[in-house]
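Keep in mind that the numbers below use all heavy atoms, side chains included, and drop hydrogens, waters and symmetry copies.
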Amino acid sequence: MSAVSSRAFRLYGEKDPNGIRIDVPMMLPLIDMCNHSFNPNARIVQEQDTSDSKMKVKVVAETAIKEDDPLLLCYGCLNNDLFLLDYGFVMHSNPYDCIELKYDGALLDAASTAAGVSSPNFSTPAPWQELILSQLNLAGETPDLKVSLGGQETVEGRLLAALRVILSTNVETMQKYDLSILQSLDAEAPLGVANEIAVFRTLIALCVIALGHFPTQIMDDESLLKQGASGSTELAIQYRIQKKSVIIDVMKNLSRRLKLVSSKETTTAEG
């Protein structure tokens with residue numbers, strides 16, 4: 001299974017009843033020797049004649065490729081979990097990498113308390129807050145409690161909206177915004193500056209807690225790599241370093257935003 005998975009590409013297969021192509025993993029001899037890059041110099045093209053049931057798959061150059069240059073394909077905008085499990089490597093500074101957490105009221109209460117937020121109530125949300133959590137699929141009979149930090153969003157929209165809602169006490173202000181706005185990190189303090197500061201502080205504290213669950217620090221991991229390790233152990237250490245780097249990058253991003261929002265609060269107070 002590992003051998004097949006590491007060599008397979010997900011390409012278009014037959015159409016479903018709705019006319020949508022189904023992704024199917026396909027074994028592509030020779031093509032599977034091409035390495036991955038987020039800046040590839042070639043791409044895979046599928047061709048199928050309507051009069052012929054056979055499908056043609058070929059690699060087409062995207063730019064001029066010199067002799068002895070490697071052929072590079074993009075395996076997909078994947079996080080390091082998938083790269084590691086499917087292909088046996090991890091990407092350094094992967095812009096699509098993230099960490100997955102469980103939306104847990106007790107954990108978020110602890111993060112808010114550590115951040116100095118007064119009276120967090122993630123464990124016991126008010127009925128109107130519980131209703132919004134259900135709309136975000138973070139509460140109810142069959143909730144999806146898996147949330148993420150990092151990647152293209154920095155903070156998953158559902159988690160961001162949940163924090164904004166739970167740390168807000170103004171129902172009337174809440175009713176002015178739809179969930180799409182509350183899930184956007186680009187929305188500038190939709191529930192007020194004080195609310196946004198509390199949200200960012202809680203998220204940063206959550207990152208600190210997540211980092212604390214690793215048995216080592218990055219400098220420890222780098223020291224282990226310098227000492228030499230077997231292939232699988234080295235890969236595991238590199239994976240661990242990249243996950244910590246994701247958390248640190250999220251903290252830096254949120255810290256910049258917190259500083260910007262805090263400066264607005266100070267300007268408003270002085271005005």
Side-chain angles (χ1 to χ4, degrees), residues 1-10 25-42 44 59 65-66 68-104 107 110-111 114 145-156 159 203-256:
M1 180 61 190
S2 296
V4 171
S5 176
S6 65
R7 294 294 181 181
F9 286 83
R10 287 194 171 275
M26 299 183 184
M27 300 292 290
L28 304 176
L30 295 183
I31 293 178
D32 63 12
M33 300 299 291
C34 299
N35 287 331
H36 164 78
S37 173
F38 288 126
N39 298 298
N41 57 16
I44 295 178
V59 173
I65 302 176
K66 298 179 181 179
D68 295 330
D69 279 355
L71 291 178
L72 301 174
L73 300 172
C74 180
Y75 292 4
C77 300
L78 309 175
N79 61 34
N80 277 339
D81 301 64
L82 294 176
F83 279 132
L84 178 60
L85 292 173
D86 276 357
Y87 303 110
F89 65 85
V90 296
M91 291 294 295
H92 293 271
S93 302
N94 183 349
Y96 303 99
D97 201 15
C98 62
I99 62 164
E100 294 180 348
L101 302 171
K102 178 182 178 182
Y103 182 85
D104 180 85
L107 173 62
L145 300 179
K146 184 175 68 176
V147 293
S148 64
L149 294 172
Q152 298 295 288
E153 287 186 290
T154 302
V155 180
E156 183 182 330
L159 175 61
L203 285 169
I204 292 171
L206 183 62
C207 289
V208 173
I209 293 174
L211 278 176
H213 278 76
F214 286 96
T216 59
Q217 297 181 0
I218 288 182
M219 63 180 66
D220 300 322
D221 293 331
E222 291 174 342
S223 178
L224 289 172
L225 289 177
K226 290 179 180 178
Q227 295 172 17
S230 64
S232 58
T233 301
E234 180 181 352
L235 187 59
I237 294 173
Q238 290 176 348
Y239 173 82
R240 190 165 64 191
I241 290 175
Q242 295 309 309
K243 288 300 177 182
K244 294 174 188 175
S245 298
V246 169
I247 300 174
I248 292 172
D249 287 343
V250 170
M251 291 175 65
K252 290 179 178 178
N253 188 316
L254 294 173
S255 295
R256 287 193 296 268

Engineer: Under the ring-ring contact (aromatic ring centres under 6.0 Å, His included) rule, collect the residues that match up with Y103, sequence neighbours excluded.
Structural biologist: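 None.
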Engineer: To the nearest 0.5 angstrom, please state how far the SG atom of C77 sits from the CG atom of L82.
Structural biologist: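 Between atom SG of C77 and atom CG of L82 there are 11.5 Å.
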Engineer: Is it the case that the side chains of Y239 and D81 hold a donor-acceptor pair, with the cut-off being a distance below 3.5 Å and no angle test?
Structural biologist: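 Short answer, yes.
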Engineer: Less than 4.5 Å apart, side chain to side chain, heavy atoms only: is that true for I44 and L28?
Structural biologist: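 I44 vs L28: side chains touch.
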Engineer: Can you tell me how far the OG atom of S230 sits from the CD1 atom of I237, to the nearest 0.5 Å?
Structural biologist: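 One finds 8.0 Å between OG of S230 and CD1 of I237.
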Engineer: Checking the side chain of D32 only, and the main-chain atoms of F9 only, is there a donor and an acceptor separated by less than 3.5 Å?
Structural biologist: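 Such a contact is absent between D32 side chain and F9 backbone.
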Engineer: Determine the minimum heavy-atom distance between G76 and H36, stating which atoms define it.
Structural biologist: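 For G76 and H36, the tightest heavy-atom pair comes out as O-CE1, 3.9 Å.
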Engineer: Are N39 and L72 packed together at the side-chain level, in the sense that at least one heavy-atom pair is separated by less than 4.5 angstrom?
Structural biologist: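 Not in contact.
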Engineer: Would you please name every residue forming a salt bridge (charged side-chain N to carboxylate O under 4.0 Å, His left out) with K244, sequence neighbours left out?
Structural biologist: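 Result, salt bridge (charged side-chain N to carboxylate O under 4.0 Å, His left out) vs K244: D221.
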Engineer: Is the shortest side-chain heavy-atom distance between I248 and I218 below 4.5 Å?
Structural biologist: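 Side-chain contact under 4.5 Å: yes.
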Engineer: Does some side-chain heavy atom of V155 sit less than 4.5 Å from a side-chain heavy atom of L254?
Structural biologist: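 Touching, per the 4.5 Å side-chain cut-off.
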Engineer: Taking all atoms of both residues into account, what is the closest heavy-atom pair of I247 and A210, and its distance?
Structural biologist: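 Answer, listing the atom of I247 first, then A210: CD1-CB, 4.0 Å.
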Engineer: Could you walk me through whether L107 and L206 pass the side-chain contact (heavy atoms from CB on, under 4.5 Å) check?
Structural biologist: CA-CA 8 Å; L107 173 62; L206 183 62; 3.8 Å; yes
Engineer: Output yes when a side-chain donor or acceptor of K243 lies under 3.5 Å from a complementary backbone atom of C98, and no otherwise.
Structural biologist: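 Confirmed, K243 side chain pairs with C98 backbone.
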Engineer: List the atom of C74, the atom of F38, and the distance in Å for their closest heavy-atom pair.
Structural biologist: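 Minimum heavy-atom separation between C74 and F38: SG-CD2, 4.4 Å.
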Engineer: Taking all atoms of both residues into account, what is the closest heavy-atom pair of R240 and L224, and its distance?
Structural biologist: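 Where R240 meets L224 most closely, the heavy atoms are NH2-CD1, 3.9 Å.
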Engineer: If every non-hydrogen atom of V246 is compared with every non-hydrogen atom of G150, which pair is closest and at what distance?
Structural biologist: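 Answer, listing the atom of V246 first, then G150: CG1-CA, 3.9 Å.
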Engineer: Do V250 and L203 come close enough that some side-chain heavy atom pair is under 4.5 Å?
Structural biologist: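 No, too far: nothing below the 4.5 Å cut-off.
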Engineer: Does S223 use its side chain to pair, donor to acceptor, with the backbone of M219 at less than 3.5 Å?
Structural biologist: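 Looks like no, no N/O pair under 3.5 Å.
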Engineer: Have a look at L149 and tell me which of T154, D249, L159 forms a side-chain contact (heavy atoms from CB on, under 4.5 Å) with it.
Structural biologist: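 Result: among T154, D249, L159, L159 is the only option passing the side-chain contact (heavy atoms from CB on, under 4.5 Å) with L149.
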Engineer: Go through V208 and M251 one step at a time and tell me if the side-chain contact (heavy atoms from CB on, under 4.5 Å) criterion holds.
Structural biologist: CA-CA 8 Å; V208 173; M251 291 175 65; 3.7 Å; yes
Engineer: Identify every side-chain donor-acceptor pair in residues 87-96 under 3.5 Å, counting partners at least two apart or on other chains, and give the distances.
Structural biologist:
residue : atom : partner : partner atom : Å
H92     : ND1  : Q242    : NE2          : 2.9
N94     : OD1  : Y96     : N            : 2.9
N94     : ND2  : L78     : O            : 2.9
N94     : ND2  : N80     : OD1          : 3.2

Engineer: Mind checking salt bridge (charged side-chain N to carboxylate O under 4.0 Å, His left out) for D220 and listing every partner two or more places apart, or none if nothing turns up?
Structural biologist: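 Salt bridge (charged side-chain N to carboxylate O under 4.0 Å, His left out) list for D220, sorted by chain: empty.
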Engineer: Start with the C-alpha distance between M26 and R7, add both sets of side-chain angles, then the distance that settles side-chain contact (heavy atoms from CB on, under 4.5 Å), and finish with yes or no.
Structural biologist: CA-CA 8 Å; M26 299 183 184; R7 294 294 181 181; over 6 Å; no
Engineer: With a 4.5 Å limit on heavy-atom distance, are the side chains of I31 and L73 in contact?
Structural biologist: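 Counting from C-beta outward, I31 and L73 do come under 4.5 Å.
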Engineer: What residues, two or more places apart in sequence or in another chain, satisfy salt bridge (charged side-chain N to carboxylate O under 4.0 Å, His left out) together with K252?
Structural biologist: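 K252 satisfies salt bridge (charged side-chain N to carboxylate O under 4.0 Å, His left out) with no residue once adjacent residues are dropped.
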Engineer: List in chain and number order the residues that pass salt bridge (charged side-chain N to carboxylate O under 4.0 Å, His left out) with E234, two or more places apart in sequence or in another chain; answer none if no residue qualifies.
Structural biologist: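 Checked E234 against salt bridge (charged side-chain N to carboxylate O under 4.0 Å, His left out); zero matches.
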Engineer: Given side-chain contact (heavy atoms from CB on, under 4.5 Å), test I241 with E222 step by step and report yes or no.
Structural biologist: CA-CA 8 Å; I241 290 175; E222 291 174 342; 4.3 Å; yes
Engineer: How long is the span from the CG atom in L101 to the NE2 atom in H213, to the nearest 0.5 Å?
Structural biologist: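 Here the interatomic distance stands at 9.5 Å.
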